[in-house]
Novice: 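I have a structure I would like to understand better, so I am pasting it below and will then ask my questions one at a time.
Start at 1 and go down the list; that is how both ligands and their atoms are numbered.
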Amino acid sequence: MAQASGDKKGVAGSRQASQGELGYFKTQFDRATHAQRTLQQLRYQSTPLDKYVFLSGLKARDPKLFYHLLSQNLAEFTPLVYTPTIGAACQNYSKIYHRPEGLVISYKDKGRIKNVLESWPFKDEARIAVVTDGSRILGLGDLGVNGLPISLGKLDLYIAGAGIRPLSTLPICLDVGTNTEVHLNDPLYLGLRQTRISPNEMNEFMHEFMQAMREVFPKLLVQFEDFSTDNAFYYLDLFKNRYRCFNDDASIQGTGSVILAGFHNAADIASSAPQGPDPRDHKILFYGAGSAGIGVAKQVMSYFLNLGMSEEEAKARIWTVDSKGLIYDGRPGGLYKHKEYFARKDYSGPPIKSLLQIIDYVKPTALLGLSTQKGAFTSAIVGRMTELNPRPIIFPLSNPSSLCELEFADAVNWSKGKVVYASGSPYDSVEFEGKTYEPGQGNNMYVFPGIGLGAILSSATRVTGKMIERAATSLAGSLTEEEKEAGLIYPRLARIREVSAEIAVVVIRQAQEERTGFLFQDVDGAKRLRDLDDAGLLSYVRDKMWNPPQPTAPTVPSKL
Ligand SMILES: NC(=O)C1=CN([C@@H]2O[C@H](COP(=O)(O)OP(=O)(O)OC[C@H]3O[C@@H](n4cnc5c(N)ncnc54)[C@H](O)[C@@H]3O)[C@@H](O)[C@H]2O)C=CC1
Ligand SMILES: CC(=O)C(=O)O
Ligand SMILES: [Mg+2]
């Protein structure tokens, strides 16, 4: 059964401010002080999951205050509303659930999905949907309908990081069963108590869903999120040229773009170190060859292509590893299709399983983890990478932190401060021999808000590979001098709105060049944007960003 966010009034309550409703205080309510009070209350909560529950309640009660606090305290709040805490929120969603939020579309709605979508109260405002089927939430596996919070969390970042209006966001979870027994046996489980529907059933369901989405929300952009690798590739290929959609995790999309940007900056640091490799000589080893690993590898090839290398030469700089070891042509047991592209042709066996042996064989300058294997990058691995490279590039990108291949403190200690590091989830800075080291966070959150904003403002009919590549270039070039001096490879999170605005500009420009934009915009409006120079377009984008209202102190003395 469909589970829209309650009735129209209920959703409005959770998506619009309930300002000034605290009238039983006989003084005028001081919202600025209340913002401070709320921050204190958050900090009193004991665990990150308690904090998540507190913030989720705040968002329902007082969304303007929630978004104000989120945008003012991004570094503190992002780990709570997004990775890593969102992982625990998803795993426990049926236990912490309080009220309907977002839209759940069940397999039982097949044949009437359009009616269900029609029940969403903000049809005209909807511009961006994050849609998951819960089948691979971060690296935590199949969580079924418990995956809904990932859509909520991603959309909170669209709001805070790119100024998308809250009412324009549409979080969706497709409830098509789960193969995880612990959920099926959980008496509190909120979703369908059945194993996942068959591929054919899923196919029909997805076709009906996407068609209905277009009919009900013609201006909507769809971000697919955390579909299992097979479905991520399959549905992206099926829909990317038919609907306004992209996949945050897979193919040449969000994650690839962010990691390409970070790799670019990391390679600059490594190559400019004494005895560092020539930029053309970087060798990248991907540990993990799922949708994320292969998607990132394909995008990172652009680093070499931009140096003038051919596709074959660029591909030859990349090695991939899965749970069976180094991936090569003719490996016994065969390969899944998505792994064939990077399968090595210059190795013919025997299979090499040990990562240390693979490193000895490849001698990589960069090791990227998208494997979900906690602690896989051991002190021996980091030590060997540091022997091979003056500045080893190591990106343990699996989320959440409980699955990260290498914690930042270990990376710094084991490499004696030499590592150039980015992880998928955040870590604190680390002191080593009197120096402070700051980690990078290689997470698609740096690009999807800007890509979405640009696609929305240009009314782009498609999110194209070129848009995503330009987003990466924009992100790579967004470091300030201070950030570069601090050895960062990604901008500080507090600047995400600036970064998103710049990404939105390049996405709009690309839409203009590819003529994929301005489907719904009046011709005059499209021309006005085209006539703007880049500075003008940037200020146009900034003006379009929604800002949560500043909570204010009372201006009129209160009367008792
Ligand atoms: N930092 C970021 O922005 C992003 C991070 N990710 C993370 O990437 C991870 C992987 O995601 P998917 O590719 O969708 O998952 P997946 O399950 O499709 O892929 C995992 C890959 O790791 C390999 N693997 C598993 N055990 C291994 C072992 N012991 N040794 C070597 N390889 C092993 C598997 O063979 C598979 O190729 C997740 O933790 C996810 O959170 C995904 C998207 C974005
Ligand atoms: C960050 C993200 O999208 C993931 O880990 O799947
Ligand atoms: Mg994801």
Novice: Which of the atoms of ligand 1 are close to Ser398, meaning less than 4.0 Å from one of its heavy atoms?
Specialist: 7 (C), 9 (C), 39 (O)
Novice: List every atom of ligand 1 that sits less than 4.0 Å from any heavy atom of Thr372, numbering the atoms from 1 in the order shown and giving each element.
Specialist: 9 (C), 10 (C), 38 (C), 39 (O)
Novice: Heavy-atom contacts with Lys154 under 4.0 Å: which atoms of ligand 2 show up? List them by number with element.
Specialist: 1 (C), 2 (C), 3 (O)
Novice: Is ligand 1 under 4.0 Å from a heavy atom in the side chain of Met445, in the backbone, in both, or in neither?
Specialist: neither
Novice: To the nearest 0.1 Å, how far is atom 13 (O) of ligand 1 from its closest protein heavy atom, and which atom is that?
Specialist: Ala292 N, 2.9 Å
Novice: Can you report which non-hydrogen protein atom sits closest to atom 19 (O) of ligand 1, along with the distance?
Specialist: Gly290 CA, 3.4 Å
Novice: Give the contacting part of Gln223 toward ligand 2: side chain, backbone, both or neither, where contact means a heavy-atom distance below 4.0 Å.
Specialist: neither
Novice: Determine whether any heavy atom of Glu225 lies closer than 4.0 Å to an atom of ligand 2.
Specialist: yes
Novice: If the contact criterion is a heavy-atom separation under 4.0 Å, does Tyr82 count as touching ligand 2?
Specialist: yes
Novice: Quick check on contacts: which atoms of ligand 1 are under 4.0 angstrom from a heavy atom of Gly424?
Specialist: 1 (N)
Novice: Nearest protein heavy-atom contact for atom 43 (C) of ligand 1: which residue, which atom, what distance?
Specialist: Asp249 OD1, 3.2 Å
Novice: Show the atoms of ligand 2 that are less than 4.0 angstrom away from any heavy atom in Asp248.
Specialist: 3 (O)
Novice: Indicate, as side chain, backbone, both or neither, the part of Thr255 found under 4.0 angstrom from ligand 1 when only non-hydrogen atoms are considered.
Specialist: side chain
Novice: Does a side-chain N-to-carboxylate-O contact under 4.0 Å join Asp346 and Arg344?
Specialist: yes
Novice: Using 2.8 Å as the threshold, say whether any N, O or S atom from Asp248 sits that close to the Mg ion (ligand 3).
Specialist: no
Novice: Starting from atom 34 (C) of ligand 1, what is the nearest protein heavy atom, named by residue and atom, and what distance separates them?
Specialist: Ser323 N, 4.1 Å
Novice: I need the nearest protein heavy-atom contact for atom 17 (O) of ligand 1: residue, atom name and distance, please.
Specialist: Thr229 OG1, 4.7 Å
Novice: Is Asp226 touching ligand 2 with its side chain, its backbone, both, or neither, if touching means heavy atoms under 4.0 Å apart?
Specialist: side chain
Novice: So which heavy atom in the protein is nearest atom 5 (O) of ligand 2, and how far is it from that ligand atom?
Specialist: Asn399 ND2, 2.8 Å
Novice: Taking only non-hydrogen atoms of Leu403, do any sit less than 4.0 angstrom from ligand 1?
Specialist: no
Novice: Could you check atom 23 (C) of ligand 1 against the protein and tell me its nearest heavy-atom contact, residue, atom and distance included?
Specialist: Gly288 CA, 3.8 Å
Novice: Among the N, O or S atoms of Asp226, which one sits nearest to the Mg ion (ligand 3)?
Specialist: OD1
Novice: Closer than 4.0 angstrom, basic N to acidic O: yes or no for Lys154 and Glu225?
Specialist: yes
Novice: I need the atoms of ligand 1 closer than 4.0 Å to a non-hydrogen atom of Asp322, numbered in the order shown.
Specialist: 30 (N), 31 (C), 32 (N), 33 (C), 35 (O), 37 (O)
Novice: Testing Trp319, Phe395, Phe377 one by one against Tyr287 for a ring pair (Phe, Tyr, Trp, His ring centres under 6.0 Å), which residue passes?
Specialist: Phe377
Novice: Name the option, out of Thr320, Asn247, Asn444, that contains the heavy atom nearest to atom 3 (O) of ligand 1.
Specialist: Asn444
Novice: Starting from atom 25 (C) of ligand 1, locate the nearest protein heavy atom and write down its residue, its atom name and how far away it is, to 0.1 Å.
Specialist: Ser371 O, 3.5 Å
Novice: Kindly identify the option in Ala422, Cys404, Gly87, Ala289 whose heavy atom sits closest to atom 36 (C) of ligand 1.
Specialist: Ala289
Novice: Under 4.0 Å, heavy atoms only, figure out whether ligand 2 is touched by the backbone of Thr255, its side chain, both or neither.
Specialist: neither
Novice: Considering only protein heavy atoms, which is closest to atom 30 (N) of ligand 1, and at what distance to one decimal place?
Specialist: Tyr287 OH, 2.8 Å
Novice: Could you tell me whether ligand 2 has any atom less than 4.0 Å away from a heavy atom of Thr83?
Specialist: no
